Amino acid sequence: MDEQRFYITTAIDYPNSRPHIGTAFEKIGADVQARFRRMEGAHVHFLMGNDENTHKVTLRARELGLEAKPYVDDMARQFQEVWRALEISNDDFIQTSEERHHAGCRKFIQAVYDAGDIYKGVYAGHYCVGCESFKTEKDVAEGGGRCPNHPNAELTWLEEDIYYFRLSAYRDRLLAHYAAHPDFIQPESRRNEIISLVETELRDVAITRKGFAWGIRVPFDEDHTIYVWFDALLNYVTAVGYGTDEERFARTWPADVHVIGKDITRFHCALWPAMLMSAGLPLPKKVFGHGFVYRKNEETGEAEKLSKSLGNVVEPMELIEKFSAEAFRYYFMSQCPFGGDGEFSFERFADAYNSGLANNLGNLYSRILTMCLKYFQGDLGSVEGLDLTAWRRGLDLPALIEDVRAKVGEFDYTAALQRIWLEVVDSANKYIQETQPFKLAKTDPEATRVVLANLADWMRTVAILIKPFLPQTSETFYGAFDFGDGRPWEAVSYASAATPIASGSFRVTAPIVDGKPAPLFPKVEAR
RNA sequence: UCCGGGGUAGCUCAGCGGUAGAGCGGUCGGCUCAUAACCGACUGGACGCAGGUUCGAGCCCUGCCCCCGGAACCA
């Protein structure tokens, strides 16, 4: 049998500072996709990592009195700690200082060199002795003609030998590829940007630097190290065996989707495909450039970019501790369109949490289970022959699920969650209001039992629909009754979501404290 | 300056050719199983400005104003 594979990656991060909520946004968005694809039955490989071969890393390490390698290893540990806390289900985490990456990079650059796409040229620019690196025009402008980090030192104009990649030669092939694969760049707006960029100006890029000890040596000229993007982008192939395990590489590559920030779209959609073409490798199927999270300034109401200088950076751990990882995931996936930009403020976060999680999901969990305990001691008995679709009368659940499935598959998470909450979650509150099981219980136990069995099925359905987004809550919901005996939680899929469990009996298996289910999402003060 | 995105209810946004929508907020009423949660009703908008195309325009075209982002080491 040909097993369906799905290889998904995120951008690798600079370990100069700890990850913030914007970085986390990307990882969660990718994680939802990975979890969704696993539910769809694909064999998923989900890669993340850190981009460590930069000069800045060595500077930062030196500041802390460390060697580069121990420093990046510690940062990688810290990053992964955050990712684990956010329930990111990556299968691998590559550090570009690892040998597997170095080996793959050397092989790759040699292949491109052999293909005739690398030539020696001269790089001229403003060089800062303090930083031991060239400064961009932007840096120089910011520093008022001097290096922003060393305002007391003069910049020197320096020219040095450097290797260039012949990116400009790939203009037509890139445009042809975009035309032949309309889905290659997502979302649409990003695609248009790249096409016009490639049409108008595609320059050759500098890909090596001279005189650095940290980084990857260029095999055909050992005085040089591979520079920035040429190195970083290669993590996608080196992590799955390029240059070290060709059999595995052939099995895994090409990636199905690279999930990246909109700012680096050009490198992934122009430079990267050109590099792959040159090396004779297949291109990734899709690049998804997600939007940014801005911080809403609660005093001015302005949306600001997250930055250290504005002092508005929020660390994921802060929110995880105050709320929970699930709340964190819920907020960003439901409030910030993945393809566009989103906004964050503590107030909005608390509002969304209280409304979506505490008042709706969490409260429903409590009220349903409480009634089952109160009226039936938690044992609803056999569901044989019961109509468990009453709760969703007026709802075309199979059609809705198909739509949600399509939306999740194309990263339209806000819309998918909106439908789940607006139509599926709400339906339970309305169903309870209509059937009034708390009144029925006094007069008609059997009718009450049917209503509660329906609500149990609602919990099963919701558990499946939210699984990619809120894995923990999903498991809790699914485990609230003994559904898992018949259909294991690990094996549920959207395809099975609309089919009730029609045999056996329903029994409350949720943890009970003092005769009551513990609140899943305690309400918080919105301040 | 150039490129891109956007300006729709108090807030966040959907709608992209056919009688202005949702969530949150606010007001009133109902219910009591539940995390003062839930249900219902109501409230609330010259869809940035000015022209144009069309039987008909937030939705298409033109011009203008304003906001945001980018312009090749930034998630």
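A, B, ... follow the sequence lines: proteins, then strands. Residue 1 opens every chain. The shown structure was predicted, so the numbers you read here are calculated from the model rather than taken from an experiment.
Nearest nucleotide to the Y294(A) side chain, out of C33(B), A75(B), G69(B): G69(B). Here the side chain of Q418(A) is nearest to one of A22(B), A72(B), U35(B), namely A22(B). Relative to the side chain of L422(A), the nucleotides G40(B), U35(B), G23(B) differ in distance, and G23(B) lies closest. If you check U12(B), A75(B), U35(B) against the side chain of R348(A), the one that comes closest is U12(B).
G26(B) and U62(B) are spaced 42 Å apart, taking the C1' atom of each and rounding to whole Å. For the P atoms, the distance linking G45(B) with C11(B) amounts to 13 Å, nearest Å. Taking the P atom of each, C55(B) and C28(B) are spaced 50 Å apart, rounded to whole Å. C13(B) and G6(B) have their P atoms separated by 13 Å, with the value rounded to a whole Å. To the nearest whole angstrom, the two C1' atoms, one in C59(B) and one in U54(B), are 13 Å apart. When the P atom is compared between G51(B) and A57(B), the two are found 14 Å apart, to the nearest whole Å.
At a threshold of 4.0 angstrom between heavy atoms, the contacts of W229(A) are confined to the sugar-phosphate backbone, with no base atom among them. Using a 4.0 Å heavy-atom criterion, one finds that I264(A) contacts the sugar-phosphate atoms exclusively. Using a 4.0 Å heavy-atom criterion, one finds that S366(A) contacts the bases of the nucleic acid, with or without backbone contacts as well. The residue R190(A) sits apart from the nucleic acid: no heavy atom pair falls under 4.0 Å. Within the 4.0 angstrom heavy-atom criterion, no nucleotide atom of any strand lies near Y365(A). F521(A) comes within 4.0 angstrom of a nucleotide base, judged by non-hydrogen atoms across all strands.
Looking only at atom types and distance, the side chain of N50(A) has no donor-acceptor partner in the side chain of Y14(A) under 3.5 Å away.
By the rule that a glycosidic angle within 90° of 0 means syn, A14(B) does not qualify and counts as anti.
Under the ring-ring contact (aromatic ring centres under 6.0 Å, His included) test applied with F469(A), the options Y413(A), F338(A), Y330(A) reduce to a single match, Y413(A). The ring-ring contact (aromatic ring centres under 6.0 Å, His included) with Y331(A) is formed by just one residue from the set F25(A), F521(A), F349(A); it is F349(A).
Annotation: cation-pi geometry not satisfied between K286(A) and F184(A) (NZ/CZ under 6.0 angstrom from ring centroid, within 45° of ring axis).
A donor-acceptor contact shorter than 3.5 Å links the side chain of N360(A) to the backbone of S355(A).
Of the side-chain N and O atoms in K523(A), one or more sit less than 4.0 angstrom from OP1 or OP2 of A37(B). Distances shorter than 4.0 Å separate some side-chain N or O of K374(A) from OP1 or OP2 on A34(B). Remark: K516(A) is in phosphate contact with U35(B), judged by side-chain N or O atoms under 4.0 Å from OP1 or OP2.
With hydrogens and angles left out, the side chain of N363(A) and the base of A34(B) share a donor-acceptor pair within 3.5 Å.
Atom C1' of nucleotide C38(B) and atom CG of D426(A) are separated by 10 Å, given to the nearest angstrom. Straight-line distance from the CD1 atom of I432(A) to the P atom of C31(B): 17 Å, rounded to whole Å. Taking atom CG of N429(A) as the reference point, atom P of U32(B) lies 16 Å away to the nearest angstrom.
Distance check, rounded to the nearest 0.5 Å: OG1 of T461(A) to CZ of F477(A) gives 11.5 Å.
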